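As structure tokens, the structure follows; a few thoughts come after it.
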Amino acid sequence: MDKENGMEWWKCVIIGDPEINTRKVEPENSSLSDLDGDTRQTVEKMMFDQRQKAMGLPTSEEQKKQDMLKKFMEQHPEMDFSKCKFN
């Protein structure tokens with residue numbers, strides 16, 4: 001069976017059956033070791049970024065951008081960045 005919209009839960013398995021209350025569904029506990037390599041890497045990155053945001057620190061993408069900017073500024077000492085505003 002294929003779902004028309006893969007981003008939504010089915011209301012019921014068969015039309016006419018009682019609707020499934022998704023608030024009562026309890027997912028199984030799982031650990032990162034259960035995941036394949038790519039999925040595990042993605043989940044770990046998301047967890048890292050979530051912790052960083054909670055502590056008011058830059059996410060991995062924000063840190064990567066800051067590092068690239070810092071490297072660019074070091075490679076171009078002739079440029080004056082003192083009045084630049086960075087978001």
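Computed over heavy atoms, backbone and side chain alike; hydrogens, waters and symmetry mates excluded. Just so it is clear, the model here is predicted, and its values are computed rather than measured.
- Taking 4.5 Å as the limit, some side-chain heavy atom of T59 sits within range of a side-chain heavy atom of K53.
- Evaluation of the salt bridge (charged side-chain N to carboxylate O under 4.0 Å, His left out) test over residues 62-81, restricted to residues two or more places apart or in two chains, returns none.
- The shortest non-hydrogen separation linking C12 to D17 is CB-O, 3.8 Å.
- Shown here is M73, whose CE atom has more than 12 heavy atoms of other residues, nucleotides or ligands within 6.0 Å.
- Under a cut-off of 6.0 angstrom, the local environment of CE in M55 is crowded, with over 12 non-hydrogen atoms contributed by other residues, nucleotides or ligands.
- Residues M79 and F81 form a side-chain contact, since some pair of their non-hydrogen atoms from C-beta on lies under 4.5 Å apart.
- Both M47 and L35 sit in one connected hydrophobic cluster of ILVMFWY residues. Membership requires side-chain heavy atoms under 4.5 Å apart, directly or through other members.
- Residue pairs that meet the side chain to side chain donor-acceptor pair (under 3.5 Å) test with at least one member in residues 31-44, sequence neighbours left out, are S31-S33, D36-T39, R40-E44.
- A distance of 8.5 Å separates OG in S60 from CD in Q52, rounded to the nearest 0.5 Å.
- The OG1 atom of T22 sits 15.0 Å away from atom CH2 of W10, with the distance rounded to the nearest 0.5 Å.
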